[in-house]
Amino acid sequence: MTNIDISTLVESNKDSQLREIGFKVLKNERINFDDGVLLFEKGSLSYLGALANYVRETKHGNVTYFNRNFHIEPTNVCVFSCKFCSYSRLYAHKEEGWELSIEQMLDIVKSYDGKPVTEVHIVGGVHPKMNLDFFIDLLKAIKAHRPELHIKGFTPVELDYMFKKAKVSVEEGMRLAHEAGLDSLPGGGAEIFHQEIRTKICDDKVDADGWLNIHRVAHQLGMHTNATILYGHIESFSHRIDHMERLRQLQDETKGFNTFIPLKFRNKENEMSHIEESSTIEDMKVYAVSRLYLDNFPHIKSYWPMIGRRNAQLSLSFGVNDIDGTIDDTTKIYSMAGSEEQNPTMNTEQLVSLIKQVNRVPVERDTLYNVIHSFE
Ligand code: V47
Ligand code: SF4
């Protein structure tokens with residue numbers, strides 16, 4: 001959409017508050033908390049989409065990033081009991097779970113020898129026996145085998161638990177992990193920061209300040225990290241904006257976040273199964289408002305194994321400029337929670353064609369958004 005088209009669209013909005021917000025976006029002025037809530041309450045899908053797409057195209061043109069990655073999920077045994085989780089098996093039922101040894105995880109890494117993957121994403125449950133020393137050994141073993149492979153691993157949920165158990169400070173723990181080979185942090189474990197909701201859905205794990213502090217310390221060490229929101233369950237619009245506001249403030253302070261990834265709550269076989277899943281229209285609005293509110297986040301990602309490849313494609317018109325990677329059927333979190341992607345794998349050709357079908361330019365990136373190849 002050209003600048004003239006979008007200005008006309010904003011000017012012709014019959015709602016004066018939505019018009020004001022639209023003008024702020026066009027002037028590259030920051031929108032405030034109330035603006036964010038109002039966009040959710042009153043913004044039509046087409047209005048939000050046009051504004052978000054304007055920002056997306058101003059920042060990135062038609063470029064849409066993906067990478068070649070695989071996951072390692074060390075265990076699904078977990079000491080915590082998040083009500084939305086379809087994946088974990090409580091420690092008491094650990095016979096239903098899996099636990100991988102360092103050797104087994106290294107074998108997974110070795111199975112990619114000679115293949116052009118650039119990133120391994122390590123995330124799993126919180127197993128009481130998999131402690132800081134265990135993961136330091138894992139990181140060192142992976143780096144010894146394939147030094148250039150970028151390790152994006154461990155959420156503050158896992159890190160907070162292992163640091164406390166090892167009786168080290170966040171600063172010391174992060175330093176040790178970074179020195180052993182941890183390159184960046186994924187965005188998981190954030191859920192909804194507001195304590196009113198956190199108490200109801202994930203009472204026993206690291207709280208908002210703890211989550212934010214681990215990312216802050218990672219940024220201070222020069223690491224880049226991602227952030228997520230788990231939306232579409234019992235949270236209100238103001239809880240969503242509160243979540244984004246806290247991230248926006250930390251990003252102003254550190255500039256260490258790369259990517260924001262809205263994660264749609266999936267309701268299969270968990271303690272929140274009675275809650276209906278959000279509609280595709282709501283999903284697209286969340287991407288669009290994220291793009292508009294998080295003006296200091298370079299990238300907004302739709303995670304195709306969770307939202308499905310067709311909706312990921314659609315999201316490219318609602319502010320999204322990244323759809324994650326090839327995955328190679330190495331993650332179970334979303335298939336177990338009910339995603340339509342039961343064995344998530346896309347090769348590069350499939351990702352490229354998915355992006356090209358909606359007239360965007362596919363660009364393979366590494367984890368830090370260095371361009372590996374443009375498929376223009
Ligand atoms: O924090 C768990 C979510 C997250 C469900 O940084 C669920 O590039 C929906 O953070 N329905 C972990 N979501 C995954 C994650 C992630 C994924 C992809 C890319 C990146 C990145 C990070 O999975 C958890 C939680 O919010 N989750 N259960 C569920 N039923
Ligand atoms: Fe454990 Fe993570 Fe599941 Fe919570 S979401 S129960 S921390 S695996």
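Counting starts at 1 for both ligands and their atoms, in listed order. Keep in mind it's a predicted model, so treat the numbers as computed, not measured. Residue numbers count from 1 along this sequence.
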Residue, atom name and distance, where the atom is the protein heavy atom closest to [atom]:
| atom | value |
| --- | --- |
| atom 9 (C) of ligand 1 | Lys264 O, 3.1 Å |
| atom 26 (O) of ligand 1 | Glu191 OE1, 2.4 Å |
| atom 1 (O) of ligand 1 | Gly189 N, 2.7 Å |
| atom 21 (C) of ligand 1 | Ile261 CD1, 3.2 Å |
| atom 14 (C) of ligand 1 | Tyr334 OH, 3.3 Å |
| atom 7 (C) of ligand 1 | Leu230 CD1, 3.8 Å |
| atom 11 (N) of ligand 1 | Arg266 N, 2.9 Å |
| atom 30 (N) of ligand 1 | Phe84 O, 2.8 Å |

| request: Assess Leu263 for proximity to ligand 1: is some non-hydrogen atom of it under 4.0 Å away? | output: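 Heavy atoms of Leu263 do come under 4.0 Å of ligand 1.
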| task | Would you check whether Met306 reaches within less than 4.0 Å of ligand 1, judged by its heavy atoms? | result | no
| task | Would you confirm whether any non-hydrogen atom of the protein falls under 4.0 Å from atom 2 (Fe) of ligand 2? | result | no
| field | ligand 1 to Gly187 polar contact by distance, N or O atoms, under 3.5 Å | value |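 In this structure, Gly187 places an N or O atom under 3.5 Å from an N or O of ligand 1.
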All N/O donor-acceptor pairs, side-chain side in residues 18-25, below 3.5 Å, sequence neighbours left out:
from	atom 1	to	atom 2	distance (Å)
Arg19	NH1	Asn13	O	2.7
Lys24	NZ	Asp35	OD2	2.7

| query | Which is it for Asn267 and ligand 1 at heavy atoms under 4.0 Å: side chain, backbone, both or neither? | reply | neither
| message | Test your reading of the model: is there a side-chain donor-acceptor pair from Ser302 to the backbone of Ile323, 3.5 Å cut-off? | response | no
| Is the closest side-chain donor-acceptor distance between Glu245 and Gln249 under 3.5 Å? |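 There is such a pair between these side chains.
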| said: Parallel, tilted or perpendicular: which one describes the rings of His373 and Phe375, with boundaries at 30° and 60°? | reply: perpendicular
| task | Mind telling me whether Phe260 and Phe297 have parallel, tilted or perpendicular rings, with 30° and 60° as the class edges? | result |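 Perpendicular, since the angle between the ring planes exceeds 60°.
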| query | Nearest heavy atom to atom 7 (S) of ligand 2: which of Cys85, Ser81, Cys78, Gly125 does it belong to? | reply |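 Residue with the shortest heavy-atom distance to the ligand atom: Cys78.
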| message | Which option wins on minimum heavy-atom distance to atom 20 (C) of ligand 1: Lys268, His121, His233? | response | His121
| Heavy atom of Val157, distance to ligand 2 below 4.0 Å | yes
| task | Would you mind telling me if ligand 2 is within reach of the side chain of Ser88, the backbone, both or neither, using heavy atoms under 4.0 Å? | result |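 Side chain only.
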